[in-house]
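What follows is a short report on a single structure.
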Amino acid sequence: MYCLYPANYSSSTTDMEYNFRAIEKKWQEQWDQSHAYRVSNNGPKPKCYVLDMFPYPSGAGLHVGHPLGYIATDIYARYKRLKGYNVLHTMGYDAFGLPAEQYAMETGQHPAVTTAANMKTFRKQLDNIGFCYDWERQINTSDPGYYKWTQWIFLQIFESWYNRTTQKAEPISGLVNIFEKDGNAGLICPGDRTIQFTAAQWQGYSEKEQRDILMQYRLAFLAYAEVNWCAALGTVLANDEVINGVSERGGHPVVKKKMRQWFLRITEYANRLLEGLETVSFSDAMKEMQRNWIGKSQGAEIKFAVKNSTSHVDVYTTRPDTIFGVDFMVVAPEHDLVQKITTPAQQADIDKYLDYVKSRSERERMADVKQITGCFTGAYAINPFDGREIPVWIAEYVLAGYGTGAIMAVPCGDQRDFGFAKHFNIPITNIIGDAFNGQEANPTKDAKLQNSGFLDGMDMRPATDVVINKLEALGIGKRQINYKMRDAGFSRQRYWGEPFPIIYKDGIPYGMDEKDLPLELPHVENYKPGEEGEGPLANITDWVNVAPGVKRETNTMPGYAGSSWYFLRYMDPHNSHTFADRKATDYWNQVDVYVGGTEHAVGHLLYSRMWTKILFDLGHIGFDEPFKSLINQGMIQGSSRFVYRIHGTHQFVSAGLKDNYQTDKLHVDVNFVDGVTLNTAAFKKWKPDYYEATFILEDGQYICGTEVEKMSKSKYNTVNPNELVEKYGADTFRMYEMFLGPVEQSKPWDTKGIEGVHRFLKKLWRLFADEQKSLLVNEQAATPEEMKILHKTIHKIDQDTSSFSYNTAVSQFMICVNELATMRCHKRSILEPLLILLTPYAPHLCEELWQYIGNNESILNALYPVYNEQYTKESTFNYPVAINGKTRAEMGFALDADTAAIEKEVLASEIVQKWLEGNPPKKVIIVKGRMINVVI
RNA sequence: GCGGGUGUGAUGAAAUUGGUAGACAUGCCAGACUUAGGAUCUGGUGCUUCACGGCAUGGGGGUUCGAGUCCCUCCACCCGCACCA
């Protein structure tokens with residue numbers, strides 16, 4: 001357990017010890033009353049927008065991992081304020097989501113009720129830590145006043161198409177105008193490339209036919225896609241709820257089922273999302289992840305005729321140069337073509353294989369590379385260049401959603417194709433001569449082609465173009481840019497999400513009238529799914545059926561709907577006329593610094609970037625990238641503790657002795673463990689099961705096993721920030737979280753070191769006041785040494801704070817206070833600037849001392865001290881003197897000393913003479929102000 | 001499988017970005033003050049050696065006067081993979 005201080009509940013802050021509880025309470029109340037964190041949407045100061053990824057308000061509350069990023073941004077926001085900026089710093093809740101609904105199913109409590117309660121808990125925990133959020137701007141995505149605008153934006157997307165010529169989203173009404181005049185000539189339909197019609201044809205279409213075509217162009221559109229269908233539960237499951245092919249709850253089988261669902265056509269934005277990365281400052285790793293997700297590749301689409309059939313197999317390949325090495329084709333099992341080309345003789349085998357694939361998750365299909373599966377369709381494709389017959393297979397490793405859902409397999413050049421060919425005894429054609437050894441594929445691009453018809457003898461790289469040109473000339477293929485990214489599924493068969501502002505008239509979807517928004521989520525009595533896997537809303541018939549033949553959409557939007565634009569709502573959160581006033585969005589513009597975890601690298605960040613681009617294209621905002629810079633906080637992991645129970649008994653054996661027994665490993669609450677030593681008395685009282693526990697000790701103690709895992713309630717390794725704030729105060733807690741290490745780095749939580757930070761704050765306090773003598777601060781002039789440490793500190797803190805290097809900033813504060821304490825410096829001219837520097841980190845303590853030494857204005861608005869180099873300049877440097885790179889001595893020289901003079905003195909020194917052993921040095925390297933190296 | 005990240009004392013980490021490895025803390029050891037210490041202060045603390053010295057930044061190799069930092073290669077762990085948010 002933690003060591004305990006005597007409870008220090010005095011409400012007075014005039015006694016001269018560091019009474020953090022009273023101080024923090026006092027200033028939090030005062031700042032609240034004075035609206036110290038209220039921010040206006042204008043003013044003469046430059047703006048700065050500092051944003052945290054807002055949390056999902058889970059029932060478990062905050063643990064110490066959550067505030068890591070929040071503290072970092074809070075320090076930054078306070079720092080920028082002291083530097084003279086108008087800082088927008090806000091917090092809210094991403095309050096729609098699956099856990100609340102699951103909880104509702106288990107307990108019958110309405111998600112709105114539990115969510116409100118959770119938000120209250122979060123707020124209390126956040127307040128405890130002393131953040132400078134403007135809480136008047138708090139938002140909640142499940143509030144109708146908020147999701148009204150989520151629905152409104154959805155309608156904008158629904159009523160838009162992506163004009164590939166102008167490269168932006170435009171209103172669908174403009175597209176209709178074009179169709180009426182010219183048909184869709186030159187406007188490739190993104191939903192179905194085969195759609196072609198003239199103006200006359202368009203005008204002849206029925207409304208349904210016209211709207212069906214428009215749907216293929218819309219940026220929010222309906223299409224069929226597979227979901228995880230659990231027949232036993234009668235519901236669609238999230239990937240999270242499926243474990244090894246069965247439902248998490250109940251262990252029932254889960255299969256794929258096609259359902260009509262909403263999608264966002266994010267693929268139209270693929271290229272802009274890629275290019276936009278050049279304009280933002282995200283880490284290289286983050287950009288790399290987004291690039292890989294978008295997955296742009298260049299290659300060719302090739303049409304292969306199928307023998308004795310009118311069908312053809314379209315494949316996408318990045319390596320058209322290897323076309324003579326194609327030994328088989330693989331079509332995705334769910335591809336429409338499969339049923340058309342399978343021969344009667346193979347039908348039974350194919351059906352069996354399709355059943356198998358239905359039970360496999362996409363992840364399993366891609367990850368299980370050792371287990372090669374597939375099935376021959378009986379059909380043969382024809383190589384257009386040499387007429388070779390190529391067997392067509394289906395295999396789970398080819399996914400329908402990528403490219404054309406079919407590949408040409410070149411075993412000598414692709415390892416997976418190679419493995420497949422070996423496994424099914426398909427003969428391998430070698431088109432790269434010696435570069436292929438027959439043992440493994442060689443994916444080289446730098447070989448000379450052989451066995452390749454008209455390409456024989458050609459290098460692979462130029463051959464690519466030759467093949468594509470020929471394909472295009474023959475009209476059986478074309479150059480094609482492809483993206484791995486798929487359109488984003490936007491439907492959930494769930495209750496607790498935004499209802500779609502869509503009604504179906506005779507099955508045709510229409511957007512609702514803006515003036516009827518928000519379409520509020522109706523109250524339901526239970527959360528059971530509707531028929532055929534529809535969401536619970538389908539059961540509320542009088543809500544669904546608006547009028548005869550007029551029905552509402554019963555799906556709801558996914559979690560990322562509300563979070564794709566929330567940063568805009570903070571700018572103008574109470575506006576009831578628009579999602580955010582254009583003046584406000586123009587003023588605040590992009591988020592200057594956005595902080596959150598890497599787990600959002602490809603989901604949330606890509607979606608919000610897309611929404612921003614759409615709103616920009618449609619003229620609603622003036623910028624097309626939401627986040628100017630992004631910092632990824634590391635994950636705080638939990639350090640779990642384990643006890644070992646001898647199988648079938650109540651006896652627990654210490655970790656060092658466990659191998660002598662057959663034991664069960666059980667999590668134990670980390671709060672019962674000091675380091676690795678178990679508090680056996682507390683453990684026995686933990687659960688009734690353990691009341692009769694007995695222990696086999698080593699050296700008189702019970703030692704626990706340890707493991708680093710995700711911090712989670714179920715693993716009993718969570719640490720609640722409230723308890724630490726209670727014991728040490730918010731200022732200590734804030735600084736300790738920062739002192740742990742770089743914000744970007746993941747690390748397991750360990751409470752042990754928090755004492756050191758607390759001691760530091762107490763030591764700082766004693767520079768100002770003392771139990772016996774009370775106020776110590778005096779008006780004496782500072783010495784050069786004192787000015788030197790002060791200005792060194794200003795320099796380092798300013799730099800580190802602006803670059804989010806908070807761990808090293810905290811150590812600099814410690815170094816500074818240690819030195820000042822040694823010098824017994826109590827001078828106002830030194831301590832006052834130091835307090836301002838520290839304010840972003842420990843605001844309560846700094847405000848208290850600031851007022852204590854006679855300031856009347858709040859330190860929150862003080863002026864940041866300015867570094868003056870003149871106080872830190874050194875005239876001499878203590879050079880490390882190395883022999884062959886190994887430091888052997890130190891010698892001091894003036895920084896402006898002559899190199900030759902230094903060399904002479906170094907060579908003459910006793911230690912260097914000793915190592916030289918009378919020989920002349922081979923070389924002497926002198927780096928001014930750095931080091932000296934003598935090579936012998 | 002693919003993609004991204006991390007690896008330095010007993011522990012969290014630092015290292016002016018190729019220049020004294022281990023700053024600052026925690027822990028531990030010794031001491032001072034003290035009725036007391038859970039306050040405070042002082043000193044010590046990578047490993048090894050009596051010492052001179054030698055060895056140390058996940059393993060192996062390389063470039064360099066000089067490598068934690070750059071290059072090659074191998075290993076271990078963590079995170080994500082499209083319906084958790």
Side-chain angles (χ1 to χ4, degrees), chain A residues 3-6 17 53-56 58 94 96-99 102 227-228 236-242 261 283-286 288-289 291-293 295 362-370 397 401 416 484-494 558-560 563 597-604 606 632 634-635 637 675 708-710 736 739-742 744-750 752-757 759-760 762-763 766 771 807-808 810-815 818 821 878-890 922-925 927 929-936:
Chain A
C3 69
L4 294 170
Y5 288 84
E17 3 172 351
M53 287 186 188
F54 64 165
Y56 174 77
S58 82
D94 191 10
F96 276 131
L98 201 47
Q102 272 176 336
V227 293
N228 299 313
V236 173
L237 298 177
N239 286 342
D240 250 28
E241 301 174 290
V242 183
Q261 306 189 66
S283 69
D284 289 342
M286 174 62 54
E288 196 57 28
M289 279 189 264
R291 282 192 201 108
N292 288 331
W293 184 265
E362 211 167 274
R363 180 89 53 86
E364 288 167 333
R365 287 172 57 173
M366 288 184 296
D368 278 353
V369 84
K370 282 178 206 130
Y397 76 87
R416 200 157 43 171
K484 195 159 74 193
M485 182 165 67
R486 312 201 285 261
D487 284 327
F490 200 66
S491 282
R492 299 293 181 265
Q493 292 72 33
R494 294 287 175 178
Y560 64 82
S563 60
T598 5
E599 62 271 27
H600 301 286
V602 287
H604 161 63
L606 280 175
N632 293 112
M635 180 177 291
Q637 292 141 322
V708 172
E709 303 180 289
K710 214 168 189 162
Y736 181 57
F739 190 53
L740 278 177
E744 298 89 343
Q745 207 164 301
S746 292
K747 57 231 148 197
W749 177 264
D750 184 1
K752 266 190 175 163
I754 199 168
E755 295 276 355
V757 174
R759 266 173 221 155
F760 155 74
K762 285 195 285 185
K763 195 165 182 175
R766 287 196 305 272
E771 269 176 88
N807 55 328
T808 49
V810 174
S811 19
Q812 182 60 36
F813 280 123
M814 289 172 169
I815 291 166
N818 286 348
N878 221 15
Y879 285 90
V881 178
I883 313 291
N884 288 343
K886 259 203 161 16
T887 307
R888 299 293 179 187
E890 265 183 20
K922 281 194 187 139
K923 205 176 187 183
V924 179
I925 294 150
V927 185
R930 280 282 146 78
M931 50 77 65
I932 296 164
N933 191 14
V934 181
V935 185
I936 60 174

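Numbered from 1 within each chain, the chains take letters A, B, ... in sequence-line order. Source: prediction; values computed, not measured. Reckoned from all heavy atoms, side chains included, excluding hydrogens, waters and symmetry mates.
- RNA chain B forms stems at B:1-7 with B:75-81, B:10-12 with B:24-26, B:27-32 with B:40-45, B:46-48 with B:53-55, B:58-62 with B:70-74, each a run of 3 or more consecutive Watson-Crick or G-U wobble pairs whose two key distances fall under 3.5 Å.
- The same atom, P, is picked in B:rA13 and in B:rG4; the two are 24 Å apart, to the nearest Å.
- Taking A:Arg291 as the reference, A:Leu274, A:Leu277, A:Glu278, A:Lys287, A:Glu288 meet the side-chain contact (heavy atoms from CB on, under 4.5 Å) condition, with sequence neighbours excluded.
- To the nearest angstrom, P of B:rA25 lies 19 Å from NZ of A:Lys747.
- Because its glycosidic torsion is within 90° of 0, B:rG9 is reported here as syn.
- Dashed line: the shortest gap from a side-chain N or O of A:Lys763 to OP1 or OP2 of B:rC41 is under 4.0 Å.
- Residues passing the side-chain hydrogen bond (donor to acceptor under 3.5 Å, both in side chains) test with A:Lys886: none are found, sequence neighbours excluded.
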Worksheet entry | Test side-chain contact (heavy atoms from CB on, under 4.5 Å) applied to A:Gln261 and A:Val227, step by step | CA-CA 10 Å; A:Gln261 306 189 66; A:Val227 293; 3.2 Å; yes
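- For the OP1/OP2 pair of B:rG5 and a distance below 4.0 Å, the side-chain nitrogens and oxygens of A:Gln745 include no atom meeting the criterion.
- Judged by distance alone, the side chain of A:Glu241 and the main-chain N or O of A:Ala238 form a donor-acceptor pair under 3.5 Å.
- The two atoms that bring A:Met814 and A:Gly756 nearest to each other are CE-O, 4.2 Å, heavy atoms only.
- The nearest whole Å value for the distance from the CG atom in A:Asn807 to the P atom in B:rA25 is 14 Å.
- Inter-residue side-chain proximity for A:Met53 and A:Asp94 is flagged as unmet; no heavy-atom pair is nearer than 4.5 Å.
- Between A:Glu755 atom CD and B:rU40 atom C1' there is a gap of 14 Å when expressed in whole angstrom units.
- Among the atoms of the strands shown, base atoms are found under 4.0 Å from some heavy atom of A:Ile925.
- Taking the side-chain hydrogen bond (donor to acceptor under 3.5 Å, both in side chains) definition, one finds that A:Arg486 meets it with A:Glu362, sequence neighbours left out.
- Of the two residues contacting RNA chain B, namely A:Ile932 and A:Tyr736, the nearest-nucleotide position lying further toward the 5' end is that of A:Tyr736.
- The distance between atom CG of A:Asp750 and atom P of B:rU26, rounded to the nearest whole Å, is 13 Å.
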Worksheet, complete the sentence: B/S/- along nucleotides 78-85 of chain B (protein heavy atoms under 4.0 Å) is S-SBBBBB
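- Rounded to whole Å, atom P of B:rG66 lies 14 Å from atom CD1 of A:Ile883.
- Across the P atoms, B:rG60 and B:rG53 are found 26 Å apart, a figure rounded to whole Å.
- If you take CD1 of A:Ile815 and P of B:rA14, they are 13 Å apart, rounded to a whole angstrom.
- Salt-bridge formation is not detected for the pair A:Glu599/A:Lys710: no Lys NZ or Arg NE/NH1/NH2 atom is positioned less than 4.0 Å from an Asp or Glu carboxylate oxygen.
- Separating the CZ atom of A:Phe760 from the C1' atom of B:rC41 is a distance of 18 Å, rounded to the nearest angstrom.
- Side-chain atoms of A:Lys484 come within 3.5 Å of backbone N or O of A:Asn292 as a donor-acceptor pair.
- As rounded to the nearest Å, B:rC47 and B:rC29 have P atoms that lie 15 Å from one another.
- Side chains of A:Glu744 and A:Asn632: a donor-acceptor N/O pair is absent below 3.5 angstrom, by distance only.
- Distance check on atom C1': B:rU57 versus B:rU69 gives 10 Å, rounded to whole Å.
- For the P atom pair drawn from B:rG80 and B:rG43, the interatomic distance equals 47 Å after rounding to whole Å.
- Contact annotation for A:Pro742: backbone-only contact, meaning every heavy-atom pair under 4.0 Å involves sugar-phosphate atoms and none involves a base.
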Enumerate all atom pairs, one protein N or O and one N or O from nucleotides 28-33 of chain B, separated by less than 3.5 Å.
none

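- For the atom pair CG (A:Leu98) and CZ (A:Arg494), the distance works out to 4.5 Å, reported to the nearest 0.5 Å.
- At the heavy-atom level, A:Glu744 lies nowhere under 4.0 Å from the strands shown.
- Taking 90° from 0 as the syn/anti boundary, the base of B:rU17 is oriented syn.
- Of all heavy-atom pairs spanning A:Ile883 and A:Asn933, the tightest one is C-OD1, 3.9 Å.
- Across B:rG27 and B:rA39, the matching P atoms stand 9 Å from one another, rounded to whole Å.
- Using a 4.0 Å cut-off, some side-chain N or O of A:Arg766 falls inside it from OP1 or OP2 of B:rC41.
- Taking the six-membered ring where tryptophan is involved, the planes of A:Tyr736 and A:Trp749 are perpendicular, since the angle between them exceeds 60° and thus also 30°.
- Considering only side-chain N and O atoms, A:Asn632 lies nowhere under 4.0 angstrom from the phosphate OP1 or OP2 of B:rG5.
- Contact check, A:Lys922 against B:rC65: no side-chain N or O comes under 4.0 Å of OP1 or OP2.
- Across all strands shown, A:Ala601 has no heavy atoms under 4.0 Å from either base or sugar-phosphate atoms.
- Nucleotides B:rG58 and B:rU6 place their P atoms 13 Å apart, quoted to the nearest Å.
- For A:Met289, the listed nucleotide lying nearest its side chain is B:rG3; candidates were B:rA23, B:rG3, B:rU20.
- At the heavy-atom level, A:Asn292 lies under 4.0 Å from the strands shown only through sugar-phosphate atoms.
- In plain terms, the two heavy atoms of A:Tyr879 and A:Gly929 that are nearest each other are OH-N, 2.9 Å.
- At a threshold of 4.0 angstrom between heavy atoms, the contacts of A:Arg888 are confined to the sugar-phosphate backbone, with no base atom among them.
- Straight-line distance from the CZ atom of A:Phe739 to the P atom of B:rG12: 13 Å, rounded to whole Å.
- Position along RNA chain B of the nearest nucleotide to A:Arg930 versus A:Val935 favours A:Arg930 as the more 5'-ward residue.
- Here the separation of B:rU11 from B:rG59, taken at their P atoms, is 15 Å to the nearest Å.
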